[in-house]
Amino acid sequence: MIQQIDYFVIAPPLALALVAALVLLLDAFLPARPRTKPVLGLVTLAGVLVALAFVVAQAIRGGPPQSTFCVPADLAGPARLCSFVVDGFTLVFAGMVLVGAVVVVLMSMTELAAGGIPVGEWYFLLLCTLVGAVTLPASRDLIMLVVALELVSLPVFALTAMKRYDGRASEAAVKLFVVSVVSTAVMLFGVSLLYGVAGTVYLSRLSAVFSGQAPAPGLAETTTLATAQSLPAVVSVGVVLVVAGFAFKIAAVPFHSWAADVYQGAPVPVAALLSVISKAAGFAGLILVLVAGLSGQAATWAPIVGIIAALTMTAGNLLAMRQRSAVRLLAWSSVAQSGYILAPLAVAAQSITPRLAGGTGAVPAGAGAFPAGIGPGAVGTATAYLVIYAAMNLGAFAVVLLVSRTATRNELDDYRGLVFRRPAAGLALAFCLVCLAGLPPGLAGLFAKVFVFREIVEGGSGWLALIMAVNTVIGLYYYAVWTARLFTPPTAPVLARHRPMPTTWLAIGLAVAVAGLFSIAPQLVLDMTSLSAFG
């Protein structure tokens, strides 16, 4: 039987893959002239915009979820099993990744203008990462999830090492490579255990097996997890290993120690890529596995996610307070933000367990359907926080890239009086930092934290809400210290000003415009992400 492929469904990652091949060919055959660098950058930017246009077209088309790479009906039985599904969840994450990619490409054009980095290889690897990041939220089986996640991760450590003869970049690349390999090995071990028990790689079938709605082929045709006494230990080990593998990817405690060194050693656009796009892909995979595939094992992963969220936000904020480097501060701040994003998922898990235990959490048979015990509120809240965080963090990194052109060490003291030297950049960074802190006029960051607080309190996790409240106050300190430096008159004479490239200002302007839009209409992003139910 011939597999039917819907090319409109896979158009965004397919467009990015074709442009990646085009960039590599252009780099090989175009003459080595100064104009070649901006040409390759513009081709890459055009490819990202075309992929974004396809995502918008899929969103406008509406209707039921679109899918491809499906098991034939005579083999799948009553359930429709598909590997690639485009629904609200996919569209929200793909749109966020591609908008962030526009900013990263503009930052890359600034970084590559200085020379010393192979331009064609840079854009090719960047586009490969984007292919994985756009494919991952649409993946509905474990194999495609792992492949897409590795397609996001592997090119990044090569991008980190592109700065030749830079010891810090080489060290960061080695650390990132080791972390990626270890996390993949841990995750694959957990995936193999889950597959060995459930006998399937499809998330919807996994959900049915682990919630006791379908037999577990690993034991017998009539044995389900609801009656098998020896299986939960094996399944629990698999769940823990899968969560640990994703925790590496999103830099969650206790797998967070690589973040600061890698961010500081990598070029600033790569640090922004890790902070936003790679993190978004990691969270998309984690949400899919936990909520769409392992909802029946919520009793196992609920306390794990809650504890990891509390430890991650606490460790990230405490370590950020001690930093003097701007990039390292943003790295530890990014770790803390991961804790805030994880918190609603822990509450979602706690709300699933009693419904499944009571027998009312039947799992639909659709392709990657949203399990009936799980409302979209918690997933939508986590996604909304991630979207708002992405815009604010990209704006901060764009200004950091601007300052790094004249300040080699790029420490917080280098930003003293930035508002007086470069009013636009200084005010943009101040706005992004205020948003990250959750203070007015950055209403986007304020409402993002309010969304999370409300979801946690309504979920009955008062202890987690209390820990988040304390960490929010801690975060105010280092954001306020950095913001105060921007408005403090410089004590040393101002050096000759560096004329930034237009792409730098475009990156800053786009990121700040998106963050400003969310500040004006913060409910907009929650309404958009509340539709991100699977199916």
Between [X] and [Y] (salt bridge meaning N to carboxylate O under 4.0 Å), is one present in this structure?
X: Arg485; Y: Asp413; value: yes
X: Arg328; Y: Glu411; value: no
X: Asp87; Y: Arg140; value: yes

More than 12 heavy atoms of other groups within 6.0 Å of [X] [atom1]:
X: Leu42; atom1: CG; result: yes
X: Phe54; atom1: CZ; result: no
X: Phe487; atom1: CZ; result: yes

Sub-4.5 Å side-chain heavy-atom contact between [X] and [Y]:
X: Phe84; Y: Ser139; result: no
X: Leu203; Y: Asp141; result: no
X: Ile307; Y: Leu311; result: yes
X: Val512; Y: Met392; result: no
X: Leu288; Y: Phe89; result: yes
X: Glu111; Y: Lys163; result: yes
X: Leu125; Y: Met162; result: yes
X: Lys279; Y: Ser338; result: yes

Look at the side chain of [X] and the backbone N and O of [Y], then say whether any donor-acceptor pair between them is shorter than 3.5 Å.
X: Asp414; Y: Asn410; result: yes
X: Thr44; Y: Leu40; result: yes
X: Thr135; Y: Val131; result: yes
X: Ser519; Y: Ala444; result: yes
X: Gln58; Y: Val9; result: yes
X: Thr312; Y: Val253; result: yes
X: Arg409; Y: Ser404; result: no
X: Ser334; Y: Leu330; result: no
X: Asn317; Y: Asn471; result: yes
X: Thr90; Y: Val85; result: yes

- Message: side-chain hydrogen bond (donor to acceptor under 3.5 Å, both in side chains), that's the test. Do Tyr7 and Thr68 meet it? Break it down for me.
- Response: CA-CA 9 Å; Tyr7 286 97; Thr68 188; over 6 Å; no

To the closest 0.5 Å, what do you measure between [atom1] ([X]) and [atom2] ([Y])?
X: Leu286; Y: Leu145; atom1: CG; atom2: CG; answer: 10.5 Å
X: Leu476; Y: Thr483; atom1: CG; atom2: OG1; answer: 10.0 Å
X: Leu98; Y: Leu16; atom1: CG; atom2: CG; answer: 6.0 Å
X: Ile250; Y: Leu386; atom1: CD1; atom2: CG; answer: 10.0 Å
X: Leu318; Y: Met313; atom1: CG; atom2: CE; answer: 12.0 Å
X: Leu506; Y: Met107; atom1: CG; atom2: CE; answer: 13.0 Å

Looking at every non-hydrogen atom in both residues, tell me the closest pair between [X] and [Y] and how far apart they are.
X: Leu436; Y: Gln337; value: O-NE2, 3.9 Å
X: Ala398; Y: Thr504; value: O-CG2, 4.2 Å
X: Gly438; Y: Leu446; value: O-CD1, 3.3 Å
X: Ala259; Y: Val335; value: CB-CG2, 4.1 Å
X: Ala309; Y: Leu342; value: CB-CB, 3.7 Å
X: Ile388; Y: Gly445; value: CG2-N, 4.2 Å

- Query: Which of these, Val19, Leu24, Leu18, sits in a side chain to side chain contact (heavy atoms under 4.5 Å, CB included) with Leu127?
  - Reply: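 One option only clears the test, and that one is Val19.
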
- Show your reasoning for whether side chain to side chain contact (heavy atoms under 4.5 Å, CB included) applies to Met468 and Leu464. CA-CA 6 Å; Met468 183 176 175; Leu464 190 55; 5.8 Å; no

Would you list the atom pairs, donor with acceptor, under 3.5 Å between side chains in residues 173-190 and any protein atom, with sequence neighbours excluded?
| from | atom 1 | to | atom 2 | distance (Å) |
| --- | --- | --- | --- | --- |
| Lys175 | NZ | Glu171 | OE2 | 3.2 |
| Lys175 | NZ | Asp261 | OD2 | 2.6 |
| Ser183 | OG | Val179 | O | 3.0 |
| Ser183 | OG | Ser180 | O | 2.9 |
| Ser183 | OG | Lys249 | NZ | 3.2 |
| Thr184 | OG1 | Glu150 | OE1 | 2.9 |
| Thr184 | OG1 | Glu150 | OE2 | 2.6 |
| Thr184 | OG1 | Ser180 | O | 2.7 |

- Item | Residues forming a ring-ring contact (aromatic ring centres under 6.0 Å, His included) with Trp482, sequence neighbours excluded |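 Checked Trp482 against ring-ring contact (aromatic ring centres under 6.0 Å, His included); matches are Tyr415.
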
- Task: On the 0 to 90° scale, with breaks at 30° and 60°, tag the Trp258-Tyr263 ring pair as parallel, tilted or perpendicular.
- Result: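 Ring orientation, 0 to 90° scale: tilted.
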
- Task: Apply side chain to side chain contact (heavy atoms under 4.5 Å, CB included) to Ile308 and Val243, showing your working.
- Result: CA-CA 10 Å; Ile308 289 177; Val243 172; 4.2 Å; yes

- Message: Run Ser333 and Tyr479 through side chain to side chain contact (heavy atoms under 4.5 Å, CB included) and show every step you take.
- Response: CA-CA 9 Å; Ser333 166; Tyr479 288 128; 2.3 Å; yes

- Without hydrogens or angle criteria, can the side chains of Tyr385 and Lys449 be said to hold a donor-acceptor pair below 3.5 Å?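 A pair is found: one side chain offers a donor N or O, the other an acceptor, under 3.5 Å apart.
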
- Task: Go through the steps for Leu45 and Tyr123 under the test side chain to side chain contact (heavy atoms under 4.5 Å, CB included), then give the verdict.
- Result: CA-CA 10 Å; Leu45 184 61; Tyr123 287 124; over 6 Å; no

